[in-house]
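Along the sequence shown, residues are numbered consecutively beginning with 1. Hydrogens, waters and symmetry mates play no part in the numbers below; they use all other heavy atoms, side chains included.
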Amino acid sequence: MASVRPDRVAAEIQAAVADLLTRGDIHDPRVGFITITGVKVSPDLSVAQVYYSMMGTDEQKAQTQQGLDAAKGFVRREVTKKVKLRISPEVFFTFDGSLEEGDKIERLLKQVKAQEGR
């Protein structure tokens with residue numbers, strides 16, 4: 001039977017990272033308005049993969065990734081304090097393009113519907 005602890009810890013980490021962003025605790029100007037879409041934690045709780053989404057150009061996304069990568073140590077410390085973990089998980093940020101893909105599909109469906117309505 002699989003443990004549900006990694007899922008619980010992932011949800012707590014997601015809330016903690018979102019709280020850091022909401023309060024503006026990450027002061028890097030490269031990190032703009034982003035949404036934390038999910039977190040996956042390894043079974044031993046040593047690695048946390050944080051997925052985020054944002055709107056913007058490819059250059060803005062690259063700058064945001066650089067800013068998040070620069071803040072990894074700070075985020076790791078704060079997450080460990082807030083979630084009260086014995087082991088401090090290594091934090092990695094990954095862009096989640098699923099929202100953009102969903103938006104693209106919706107625009108295409110609207111376009112097809114408009115063409116059929118002629």
Side-chain angles (χ1 to χ4, degrees):
M1 183 172 174
S3 173
V4 295
R5 185 155 191 249
D7 294 335
R8 263 190 329 194
V9 170
E12 290 182 38
I13 290 173
Q14 182 173 353
V17 173
D19 187 50
L20 286 173
L21 290 165
T22 302
R23 289 193 329 228
D25 290 343
I26 298 176
H27 300 292
D28 194 317
R30 296 174 290 187
V31 179
F33 181 74
I34 65 171
T35 302
I36 303 302
T37 58
V39 175
K40 288 189 180 179
V41 178
S42 64
D44 64 354
L45 307 179
S46 65
V47 176
Q49 190 74 37
V50 179
Y51 295 92
Y52 71 94
S53 182
M54 66 172 287
M55 300 303 264
T57 64
D58 289 339
E59 183 180 330
Q60 290 170 327
K61 291 174 189 171
Q63 288 178 352
T64 298
Q65 183 68 50
Q66 290 171 355
L68 290 170
D69 288 343
K72 284 192 317 189
F74 171 75
V75 171
R76 183 178 187 176
R77 269 190 315 278
E78 292 300 309
V79 162
T80 302
K81 284 184 210 172
K82 290 177 188 239
V83 182
K84 293 184 176 60
L85 297 170
R86 280 182 283 160
I87 297 172
S88 180
E90 191 166 354
V91 177
F92 294 98
F93 289 95
T94 303
F95 179 73
D96 180 1
S98 62
L99 294 177
E100 283 184 345
E101 287 298 315
D103 184 49
K104 179 180 175 184
I105 290 169
E106 189 167 331
R107 281 195 314 263
L108 289 171
L109 288 172
K110 284 181 182 179
Q111 184 180 13
V112 168
K113 190 174 184 179
Q115 288 174 354
E116 288 177 353
R118 286 192 222 172

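Considering only heavy atoms from C-beta on, K110 stays 4.5 Å or farther from R107 through its side chain. In this structure the side chain of I13 reaches within 4.5 angstrom of the side chain of V9, judged on heavy atoms. With contacts defined as side-chain heavy-atom distances shorter than 4.5 Å, the pair T64/F93 does not qualify. Contact check for L68 versus I34: side-chain heavy atoms found under the 4.5 Å cut-off. Taking 4.5 Å as the limit, every side-chain heavy atom of Q66 sits out of range of all side-chain heavy atoms of D28. Looking at heavy atoms from C-beta onward, Q115 lies in side-chain contact with Q111 at the 4.5 angstrom threshold.
Crowding of K104 atom NZ: a count of heavy atoms from other residues, nucleotides or ligands under 6.0 Å not exceeding 12.
The CE atom of M54 sits 11.5 Å away from atom CD1 of I36, with the distance rounded to the nearest 0.5 Å.
Residues in residues 41-71 take part in these ring pair (Phe, Tyr, Trp, His ring centres under 6.0 Å) pairs, two or more places apart or across chains: Y52-F95.
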For residues 82-92, tabulate all N or O donor-acceptor pairs below 3.5 Å that involve a side-chain atom, not counting sequence neighbours.
| residue | atom | partner | partner atom | Å |
| --- | --- | --- | --- | --- |
| K82 | NZ | D19 | OD2 | 3.0 |
| S88 | OG | R76 | NE | 3.1 |
| S88 | OG | T80 | OG1 | 2.8 |

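When all heavy atoms are compared, the tightest approach of S42 to D44 is OG-OD1, 2.6 Å. Nearest heavy atoms, R30 versus A70: NH2-CB, 3.6 Å.
Ion pairing of E116 with K113 is absent here, as no side-chain N (NZ or NE/NH1/NH2) approaches a carboxylate O to less than 4.0 Å.
Checked against side-chain hydrogen bond (donor to acceptor under 3.5 Å, both in side chains), S53 has no partners two or more places apart in sequence or in another chain.
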